[in-house]
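The chains referred to below are lettered A, B, ... by the order of the sequence lines, with proteins before strands, and numbering in each begins at 1.
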Amino acid sequence: MKTTADLEWLESASARDLLSMACGHLKLDASIVALAPADTNALSFGNTPHEELQTLFAPHFPAGTDVAADLADEVQLCRAFAEPRLILGEIETKIEGIVSKFPTVAAHIQVGANKGDVLDPFILAANFDLLSGRNMDRTIEMTIAHKILMKIEDLLGGMHELVIGSMRGNFRVPEPLQTLSGSKNVLHPATNPFPGADIGQVPLPQTPNKIRLFQCKNKTGSAKGGDGARLGQQLRLLAETYGAETFYAAIVGNTLVGHRSKGAVLKASPETAVLVGNAALAELTRSDSGAELLLRTYRRAFRTVSHKTGYDFESVSTGIVADFSKLTAGGDFIDSWLHQAMGGPRVDQDSRFAQ
DNA sequence: CTGTGCAATATGGCTATTAT
DNA sequence: ATAATAGCCATATTGCACAG
């Protein structure tokens, strides 16, 4: 299995091998490689905090350049991914996809992709009076920002899965494509082997028969209602079926206090480890610098995509304000939107009239 | 006995992806 | 195109433990 090989390389290679790989990617002189300690392996060198790596490299590059920082980035990236360029490209594509769906005209905030999701005129009114100092431009800017941030929330959940699932030794559990057995929740050896898991890890040399399976959430409050019980049952089934070690991990957060589904998961699956924050990332990334690594990866991608797409929030919101002004034609824009948001032909609004 | 804080459970309002 | 499923956050409600 490829993921096994990725991990084994890291454990058998030396610190200098890893640094050599990073220098190769950045086309830096190979003489730098001697900076890495001779007696350290690639895994622990790659787990060195960014700050420390940068300090190690800095004296050997011209002051005032970013080379030392970039090299530190690259070492951490090579530690995490067998093919960092490939994964960075995938992340950028994903971000670009979301940015391309950011609102650019009024219609994009007035109604969502689902025709039923209309901009709420009552929230608009609250925004106007309570948040925006009765200023229409600010009200609309807030509305746009809210829409965008919701899209970003969604993006990040998916990116954590993509990025962590692509790290050395990890694999992603794809959404089952065909549900022969009727539901995505039902275990099926061929079509849906790991229901309830997002990410898996190949067995470690220390525990050769233990596959490790993770359900990943963004925060501890992400799962709602009956999710916890369902996920717990699924995790327990995975443990029973494969002898798997199971984890219920939330990426963001610093305490289990306030966890909304820990109890339900543990009740259904007492052997599952419930983790949050660095504790979760330590298991998922096998590194103490997991959070730093994620941030490093994302920031690089955000910056690249920002330059590439040139989405300009200021000018978009100016344009959308103009669209609203046109619609309003001098009247009260919230009143005007109220009618737009609620009015329509009876056949569209009353099931008794619908054809 | 009452007030307080916590955890668990629900509800409501969104978007994205896949199956039908 | 629509339904089902899954992901997200904010907030309300309820039961329980504990302090006063």
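What separates CE of A:Met159 from C1' of C:dG7 is a distance of 15 Å, to the nearest Å. When rounded to the nearest whole Å, the span between CD1 of A:Ile98 and P of B:dT15 equals 12 Å. To the nearest angstrom, C1' of B:dT15 lies 13 Å from CD1 of A:Ile152. Counting to the nearest Å, the P atom of B:dG13 and the CG atom of A:Leu124 are 17 Å from each other. The nearest whole Å value for the distance from the CD1 atom in A:Ile95 to the C1' atom in B:dA16 is 17 Å. Protein atom CG of A:Leu119 is 15 Å distant from nucleotide atom C1' of B:dT15, rounded to whole Å. In this structure, A:Asn218 places its CG atom 10 Å from C1' of C:dC9, rounding to the nearest Å. Here the C1' atom of nucleotide B:dG12 and the CZ atom of A:Phe122 are 16 Å apart, to the nearest Å.
Summarising the geometry of A:Ala106 relative to A:Asp323, their closest heavy-atom pair is N-OD2, 3.1 Å, with the distance given to 0.1 Å.
For A:Lys217, the listed nucleotide lying nearest its side chain is C:dC8; candidates were C:dC8, B:dC14, B:dT15. Residue A:Lys101 places its side chain closer to B:dT17 than to any other of C:dG7, B:dC14, B:dT17.
Between A:Ile87 and A:Glu83, every side-chain heavy-atom pair lies at or beyond the 4.5 Å cut-off.
At least one side-chain nitrogen or oxygen of A:Lys151 sits closer than 4.0 Å to the OP1 or OP2 atom of B:dA16. Of the side-chain N and O atoms in A:Lys262, none sit less than 4.0 angstrom from OP1 or OP2 of B:dA7.
Linking ILVMFWY residues whenever their side-chain heavy atoms come closer than 4.5 Å, directly or via other members, places A:Ile334 and A:Ile320 in the same cluster.
A:Arg85 has a carboxylate O that lies under 4.0 Å from a charged side-chain N of A:Glu74, or vice versa, which qualifies the two as a salt bridge.
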